[in-house]
*Asks:* 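To start, I am sharing the structure in question, which I have written as structure tokens.
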Amino acid sequence: MKYKSKIDWWFHLSVIVFCAFTAYTIYAASLGNATMLLAAIMFGLMFFLFLLPTYLFTYYVTGDSALTVRSGLFTKKVIPYNMIVSCQPGSVTGDSAALSRDRLVITYFKNGKKKNIIVSPKDKFDFVTELKLKQKENGSDEEN
């Protein structure tokens, strides 16, 4: 099942402000300012390659054998259920695919090292319930 990320007001505001600033630099560049042309290209690329895709394409998929965490165009993590140690509310250092302060910390093992990834699904209760169910189906005896 696919779970969209919860998005807080501060992230919505960031996208709106960045979009307005990018539009302003494009407008200023159209008036013939060479410096603003460079800024417009740079901010346009950042907006369309990083910020907008992260805003639109941050989600979590509970597949048959692994959890897939997707954030933007370039970040995709696949975590086998049998490698997941815990899933608890909180915030720690580690990879983050969360657009909200209402977060879950998923602790897992990769290459013998303990890692964390932070997620913020809209339907947190359903997400945690399905994650535990998938872990049981895949033979993980870890208790979350």
*Asks:* For K115, is the NZ atom crowded, meaning more than 12 foreign heavy atoms sit under 6.0 Å from it?
*Replies:* no
*Asks:* Does F74 have any ring pair (Phe, Tyr, Trp, His ring centres under 6.0 Å) partners at least two apart in sequence or in another chain, and if so, which?
*Replies:* F50
*Asks:* Hey, could you give me the CD1/NZ distance between I106 and K77, rounded to the nearest 0.5 Å?
*Replies:* 12.0 Å
*Asks:* For the pair N116 (side chain) and S96 (backbone), establish whether a donor and an acceptor sit closer than 3.5 Å, ignoring hydrogens and angles.
*Replies:* no
*Asks:* Q88 and V105: side chain to side chain contact (heavy atoms under 4.5 Å, CB included), yes or no, with the steps?
*Replies:* CA-CA 5 Å; Q88 302 174 0; V105 178; 5.6 Å; no
*Asks:* When hydrophobic residues are tied together by side-chain contacts of less than 4.5 Å, even through go-betweens, does I16 share a cluster with W9?
*Replies:* no
*Asks:* Any link between F57 and V69 through a network of hydrophobic side chains (Ile, Leu, Val, Met, Phe, Trp, Tyr) touching at under 4.5 Å?
*Replies:* no
*Asks:* For the atom pair OG1 (T62) and NZ (K134), what is the distance rounded to the nearest 0.5 Å?
*Replies:* 5.5 Å
*Asks:* Looking only at non-hydrogen atoms, find the nearest pair between P53 and L73 and report the distance.
*Replies:* CB-CG, 3.6 Å
*Asks:* Give me the atom names and distance for the closest heavy-atom approach of S120 to S100.
*Replies:* OG-N, 3.6 Å
*Asks:* Measure across V78 and T68 and return the closest heavy-atom pair with its distance rounded to 0.1 Å.
*Replies:* CG2-OG1, 4.0 Å
*Asks:* Distance from I26 atom CD1 to Y24 atom OH, nearest 0.5 Å?
*Replies:* 12.5 Å
*Asks:* Between V119 and F127, does a side chain to side chain contact (heavy atoms under 4.5 Å, CB included) hold up when you go through it step by step?
*Replies:* CA-CA 10 Å; V119 298; F127 177 81; 4.2 Å; yes
*Asks:* Distance from K122 atom NZ to D102 atom CG, nearest 0.5 Å?
*Replies:* 13.0 Å
*Asks:* Kindly compute the distance separating OG1 (T107) from CG (L104), expressed to the nearest 0.5 Å.
*Replies:* 11.0 Å
*Asks:* Heavy atoms only: give me the nearest V15-F47 pair and the separation to one decimal.
*Replies:* O-CE1, 4.1 Å
*Asks:* Could you state whether L99 and L56 fall into the same hydrophobic cluster, counting links through intermediate Ile, Leu, Val, Met, Phe, Trp or Tyr residues with side-chain heavy atoms under 4.5 angstrom apart?
*Replies:* yes
*Asks:* Which residue is it: F43, Y55, F48, F11? I am looking for the one with a ring pair (Phe, Tyr, Trp, His ring centres under 6.0 Å) to F18.
*Replies:* F43
*Asks:* Keeping to residues at least two apart or across chains, list the ring-ring contact (aromatic ring centres under 6.0 Å, His included) pairs with something in residues 98-126.
*Replies:* none
*Asks:* Could you check whether any side-chain N or O of Y81 sits under 3.5 Å from a backbone N or O of G63, counting only pairs where one atom can act as donor and the other as acceptor?
*Replies:* yes
*Asks:* Hydrophobic clusters here meaning ILVMFWY residues chained together by side-chain heavy-atom distances under 4.5 Å, can you tell me if L133 and V128 are in one?
*Replies:* no
*Asks:* Group every Ile, Leu, Val, Met, Phe, Trp and Tyr by side-chain heavy-atom contacts under 4.5 Å, then state whether M1 and L131 land in the same group.
*Replies:* yes
*Asks:* For G72 versus T58, what's the shortest heavy-atom pair and its separation?
*Replies:* N-OG1, 4.0 Å
*Asks:* Where do S14 and L51 come nearest, in terms of heavy atoms and distance?
*Replies:* O-CD2, 4.3 Å
*Asks:* First locate atom OG of S71, then atom NZ of K76, and finally report the distance between them rounded to the nearest 0.5 Å.
*Replies:* 13.5 Å
*Asks:* Hydrophobic cluster mates of Y27, side-chain heavy atoms under 4.5 angstrom, ILVMFWY only, any path?
*Replies:* L31
*Asks:* Please test N82 against N138 for side chain to side chain contact (heavy atoms under 4.5 Å, CB included), starting from the C-alpha separation and ending with a verdict.
*Replies:* CA-CA 7 Å; N82 62 353; N138 284 275; 5.6 Å; no
*Asks:* CH2 of W10: more than 12 outside heavy atoms within 6.0 angstrom?
*Replies:* yes
